[in-house]
Amino acid sequence: MQTIKLEEHSVKYVPISQTGSSIEYWDVKKFKKKLNIKVVNVDKEDMSMEFDLINIGTPFVNAFRRVLLSEVPTMAIEKVHVYNNTSIIQDEILAHRLGLVPLKADPRKFSFPKNLENDAITNPEECLEFQLKVTCKRNAKLSTRSTDDDFRDCKNTEVHSNLIKWVPIGEQALKFKPEDVEPIHDNILVAKLRPGHELDLKLIAVKGIGKDHAKFQPVATASYRLLPQITLEEVVQGEKAQRLKASFSPGVVKLTTENNIITAKINNPRYDSCSRNVFQHEDLKDIVKISRVPNHYIFTIESVGALSPNTLFLESIQVLRGKCDKLLSEIKAKGKNCFL
Amino acid sequence: MSADEDQSEHELMRNFKLENEDHTLGTLLTYILDQLPETEFCAYTIKHPTENVLYLRLKVKKGHDVTEIFKKGVIELKKALDIVEEKFINAMDEYENQS
């Protein structure tokens, strides 16, 4: 198998037949035998994960990425009923900001709204209702202020996402707990108020997909790259070794000292940014060979927080399977006249 | 070419018009269909980015049915997805057992 060689100013073309993903005839059994998936890291705190997809075609990896970004559903605020808004932020801007607040609600427990044009969605299977009711007032007891511009004695000068309160409709109170559906982050600034300003809003969240609006995206990023491979053709020692280390991302090159001689060793090429900085050093240029392993994809998912990244990946497979089922049912229904 | 031959040639190829689909399914389906032994030619196009329609052209080798091969492609794709899912779940279990 040939690797994809990264040269100083170019990437060397490798014909697909030599990358190991050759166009032999498709065989599911062979696909199953060759495919290797390895979870490298799951960060529960950050809701992110990294895993390796080995010997899978690029179209698959790219399809998973595209589906994660634009077709795996989440819940987000879609309708805002403004009963009162005397703050300086306009209704439509406020509504847009509220829409972008990520919610903890599990989209799998809801269905897509049948009539999104309808302003009052009330079906408990289709929506979540929230309330945001805030008034900014001066506290008479704390009249320590020197001027009218001093708002330190005021309550609610900043409206954060923790003030968005869930209002259960139908039997939702039995199904969910507030912490299951309310905003993921408590400290998102929604609006700023001054004494006398008031917000009284009813918020309706529905299930949607990223294709429709970015607020429905379940991931912050979902991306993939090929595994880097770095080899040294000669032993690199002394000052040269230190320059070599500095030309790569942290952790890629390791220096070992023996009898006062520093020797460089390639330790972990996985996390190299492939900046190719080494090629700036004339004396190192020809010693280092940088390439990428074709067919070894490093896939990274960073969840926004509603679902864990591994669940999101499974959901993306489910979405693709749904597409296949849709095609199959059309073929079944129309036979030869399908998709005309 | 006689009329007979001309017609049979036509029966081997077809355009599939998939509405509300994009490159996500386009690349995947052509990737699979292209590798099927029955396929002579397979490619897709999205004629205009604002138009939500994907056209997939498929030509099969003599003695096969286009629609059947298209169906086979979709089924093979589904099987592949099942395999990815299974392996991913296993990998996840393995990771959790380790830590």
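Letters A, B, ... mirror the listed sequences (proteins, then strands); counts begin at 1.
Contacts between Lys38(A) and chain B at a heavy-atom distance below 4.5 Å involve the backbone alone (N, CA, C, O). At a 4.5 Å heavy-atom cutoff, the contact between Asp65(B) and chain A is made by side-chain atoms alone. Of the two parts of Asn310(A), the backbone and the side chain both hold a non-hydrogen atom closer than 4.5 Å to a non-hydrogen atom of chain B. Heavy-atom distances place both the backbone and the side chain of Val42(A) under 4.5 Å from chain B. Of the two parts of Asp27(A), neither the backbone nor the side chain holds a non-hydrogen atom closer than 4.5 Å to a non-hydrogen atom of chain B. Looking at Leu29(B), only its side chain comes within 4.5 Å of chain A, counting heavy atoms on both sides. In this structure, chain B has no heavy atom under 4.5 Å from any part of Glu330(A). Contact of Lys44(A) with chain B is made through the side chain alone, with heavy-atom distances under 4.5 Å. Residue Lys332(A): no heavy atom, backbone or side chain, is found under 4.5 Å from chain B.
Two residues are said to be in side-chain contact when any heavy atoms from C-beta on lie closer than 4.5 Å; Val39(A) and Glu96(B) fail this criterion. Inter-residue side-chain proximity for Lys29(A) and Lys79(B) is flagged as unmet; no heavy-atom pair is nearer than 4.5 Å. The shortest side-chain heavy-atom distance between Lys326(A) and Glu21(B) falls under the 4.5 Å cut-off. Considering only heavy atoms from C-beta on, Thr27(B) stays 4.5 Å or farther from Phe60(A) through its side chain. Side chains of Phe339(A) and Leu54(B) form no contact here, defined as non-hydrogen atoms less than 4.5 Å apart. At a threshold of 4.5 Å between non-hydrogen side-chain atoms, the residues Lys336(A) and Arg14(B) do not count as touching. At least one side-chain heavy atom of Val84(B) sits less than 4.5 Å from a side-chain heavy atom of Phe313(A).
Separating the CZ atom in Arg66(A) from the OG1 atom in Thr24(B) is a distance of 3.5 Å, to the nearest 0.5 Å. Atom CZ in Phe70(B) sits 8.5 Å away from atom CG in Leu328(A) (nearest 0.5 Å). Rounding to the nearest 0.5 angstrom, the gap separating the CD1 atom in Ile331(A) from the NZ atom in Lys71(B) is 7.0 Å. Rounding to the nearest 0.5 Å places CD1 of Ile317(A) at 13.5 Å from NZ of Lys78(B). With values rounded to the nearest 0.5 angstrom, Phe16(B) atom CZ is found 10.0 Å from Leu327(A) atom CG. Taken from CH2 in Trp26(A) to CD in Glu76(B), the straight-line distance is 7.0 Å, to the nearest 0.5 Å.
When atom types are taken as modelled, the side chain of Lys87(B) and the backbone of Leu35(A) share a donor-acceptor pair closer than 3.5 angstrom.
Comparing Asn36(A), Leu320(A), Thr58(A), Leu53(A) by how many heavy-atom pairs each has under 4.5 Å with chain B, the most go to Leu320(A). Top candidate by heavy-atom pairs under 4.5 Å with chain A, chosen from Leu36(B), Leu18(B), Asp22(B), Leu28(B), is Leu28(B).
You'll find the ring centres of Phe51(A) and Tyr95(B) outside the 6.0 Å limit.
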